[in-house]
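Just so it is clear, the structure is predicted and the values come from calculations on it, not from any experiment. Proteins get letters first, then strands, A, B, ... in listed order; numbering begins at 1 in each.
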Amino acid sequence: MVKVQLPDGSIQEYPEGSTAYDVAAKIGPRLAQACVAASVDGQIADLRRPLPADKQVKLKLLTDRDAEALGVMRHSAAHVMARAVMRLFPNVGLAFGPTLPNGFYYDFDMPDRIREEDFSRIEKAMAEIVAEAEPFERFELPREEALGFCADLNQNLKVEHLKTGLADHATLSFYRQGEFVDLCRGPHIPDAGKIKAFKLLSVAASHFKGDASGRSLQRLYGTAFFHQKDLDAYLAQVEEAKRRDHRVLGKLHNLFHISNDVGQGLCLWLPKGATVRGILEEFIKVELIKRGYQPVYTPHIGRVEMYETSGHFPYYRDSQFSPIFGHPAGAIVDRWITLLESNELTPEKERQFQEFSPLLEAKIENYPQGGSVAEKVQALRAWQGHQERYLLKPMNCPHHVQIYKSQQRSYRDLPVRLAEFGTVYRHEQSGELNGMLRVRGLTQDDAHQFCTPEQVEDEFRQTVELVQFVLGSLGLDDYRVQLSLRDPNSDKYVGSDENWKRAESALRHVLEEMKLPFEPRQGEAAFYGPKADFMVRDCIGREWQLGTVQLDYNLPERFQLEYIGADNKAHQPVMIHRAPFGSMERFVGVLIEHFAAAFPLWLAPEQVRILPISEKVNDYAASVEQQLKAAGFRATTDLRSAKINGKIRDAQLELIPYMLVIGQKEAEQGTVTVRDRLDAEHQKTVPVAQALSEFAAEVKERRIRQTVKPAASSFGGGEEAAANEY
RNA sequence: GCUGCUGUAGCUCAGCUGGUAGAGCGCGUCCUUGGUAAGGACGAGGUCAUGGGUUCAAGUCCCAUCAGCAGCUCCA
């Protein structure tokens, strides 16, 4: 007997071997037709798999209205795509074909290269497969047979995966659809006919199991929906995202520039972009003073030893700019030590090092010819210790730690909150660089709070509130919190288990207390502590990681920080690292996309443009401009000999929030005609003073007046997608 | 860093199977003084990313380098 409980609470019984489809058919033929999968005790399963007979299960029948069903269908679409590719190309090896939040992909190992020109014929082959509407049939094989089966199919990557990733599986499941068979966990839709709208999106290289040293595969991306209108809406959103690309808008509106002559990933802030950044910096500085932070400034470089103490230098060596050596032999000795420590120093190389260093006037004393590696390293380090070695700073924390250490601290002084817009440099891999979003020189709105263990939770809470306030002020109030924890099985973290447990539970506790929903993510922590990351959704539904708050018991230990407690004994403070914006580069980049470069009045590089209708009113225009500037507005006057139409068009395209049209009439009356970027229909002619006070109010409130309505997060079911039509 | 694609005027892009460069916008000058998304005329701008090679001849073909883009990998 199969016992199922339906979502309405009713319990029904079916003969053994019954499937979810049978349940649906009993309820009604239309439901059976509409079903694509089932949720059995919360697990998504094939519609036609027998339900468990040994216990009562909760059954939910999934139709095209359920988000889970969309994922199942996309997975099946990935199979259909792979089948189409195999029909069109020879010797296609299959890797993985999972779903993504907005679609799916399949990785292929094949001799031919897929090009975008091939998309239409692949789509055509897919359409044929969909039209055939053959069922997806599941079958299972014992391990050895599965291995032989995949080998017979010449699916070597599947064989490899069976031997490594699936080594502990005694039986393996496969799905067959016509001539196409794939090792696959499932579940799948009943037949390909349920795929109603699909499209191939792009093709790019990938690696088997994400191993960059492994073989290169071709990854074909696509997406699929239950309704054509959902696909259309999705494609429209992709277009919209393209239109908002901060690299394009940054160039068009002269916000920032990245010059080859300066270097990759090094951002030049043009006056307009710098204005936006400056306003944001002023905005947060005022907030910080209110909240008890103290400003500090620190240099752009620091001794390598300091970063060795903090752990940054050894941990991130590969993604830092090379150290700056005071002595010409510095880099050589550095390399020498590296080879010694990795046991790669051959006698030949050692001899070369020893011959070469005197040429650079490096006198390395007491280098033990036949000595141990440790003794040799010690001798070299002794030499190094007398030389200057600086690192372009990759993080501000060690510098702020030194400021903390510069004085004796009493528990009465804590918390000490040190804030700086600190510019740091990281040698990101060239393939990672992306406009302002990923750069090699960036300025963090950084601060470090040093507090007693008792103050940790309170301090952390206040910091989270600051992040919330800052994001809210920019209209970015749709976000989720990701609690990034360490992976207990990894050795990439510093500090004791006890420190980590304390830090992680403190973060968790405060987030729970603040009733902030969060998702724990193992293995995402910084190397010195766990963090709460703010994943912010912009107005077209994309997510960005912006602000971060990190709790750190480890750097205080490594730097031996102290404060004198009430008991007159030395204690160790706790550090909080935080950056509400993250970095100014990234944040402004995201804002450009969020606002599509149409900044609200308080942030707009140029807030008001005065448009004289003819030269006869230029003097009056000048006096209006003076009044605006005296009141603190960023205003210019368009004095070109163009017609008013042209001036309005240009100001509109440059996204100037307000235009003040001035003609003979206004000059005589001492008024201006205000034209709103967002509403050209309702213009009004008002005295200059009134326009000024209205603008001032809008700036003071940091009012955000967007035309684009917030969109839903992702393209799930039909209802959700409807909300995306903006 | 890896794989693939791309690099022509300030910007967006044409430029055929090799025969020493074009458009629109922008910019400059002049005319025009115009009431709500482009008034007109003329003009200046390019070592075709850089360096090699093949060829009588290279923007075009080949190689290398640099940079950009997409994806992978990484992100304190």
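- In this pair, A:Y316 lays its aromatic ring flat on the base of B:A76, centres within 5.5 Å and planes under 30 degrees apart.
- Using a 4.0 Å heavy-atom distance criterion, A:Q550 is classed as a sugar-phosphate-only contact.
- One cannot find a donor-acceptor pair under 3.5 Å joining the base of B:G1 and the side-chain atoms of A:E428.
- Picking from B:C75, B:A67, B:A37 the nucleotide with the shortest atom distance to the side chain of A:K492 gives B:C75.
- Residue-level contact check: A:S319 touches the bases, meaning some heavy atom is under 4.0 Å from a base atom.
- Using a 4.0 Å heavy-atom criterion, one finds that A:L611 contacts no nucleic acid atom at all.
- Spacing between atom CG of A:D619 and atom P of B:U33 amounts to 18 Å, rounded to whole angstrom units.
- Here A:K531 lies in heavy-atom contact (under 4.0 Å) with sugar-phosphate atoms only.
- As judged by a 4.0 angstrom heavy-atom cut-off over every strand, A:G646 is placed among residues touching the sugar-phosphate backbone only.
- With 3.5 Å as the limit, one finds no donor-acceptor pair spanning the side chains of A:Q429 and A:S319.
- Between A:R640 and B:G39, a side-chain N or O to OP1/OP2 separation shorter than 4.0 Å is absent.
- No hydrogens or angles were tested; on distance alone, nothing pairs the side chain of A:Q545 with the base of B:C75 as donor and acceptor under 3.5 Å.
- The nucleotide whose nearest atom lies closest to any side-chain atom of A:R438 is, among B:A76, B:C74, B:G35, B:C74.
- Under a 4.0 Å N-O distance rule, the pair A:R609/A:E606 qualifies as a salt bridge.
- Note on A:R675: a base of the nucleic acid sits closer than 4.0 angstrom, heavy atoms only.
- A:F104 does not carry A:R74 over the face of its six-membered ring by the limits of under 6.0 Å from the centre and within 45° of the normal.
- Within the nucleic acid shown, A:S202 has no heavy atom closer than 4.0 Å to any nucleic acid atom.
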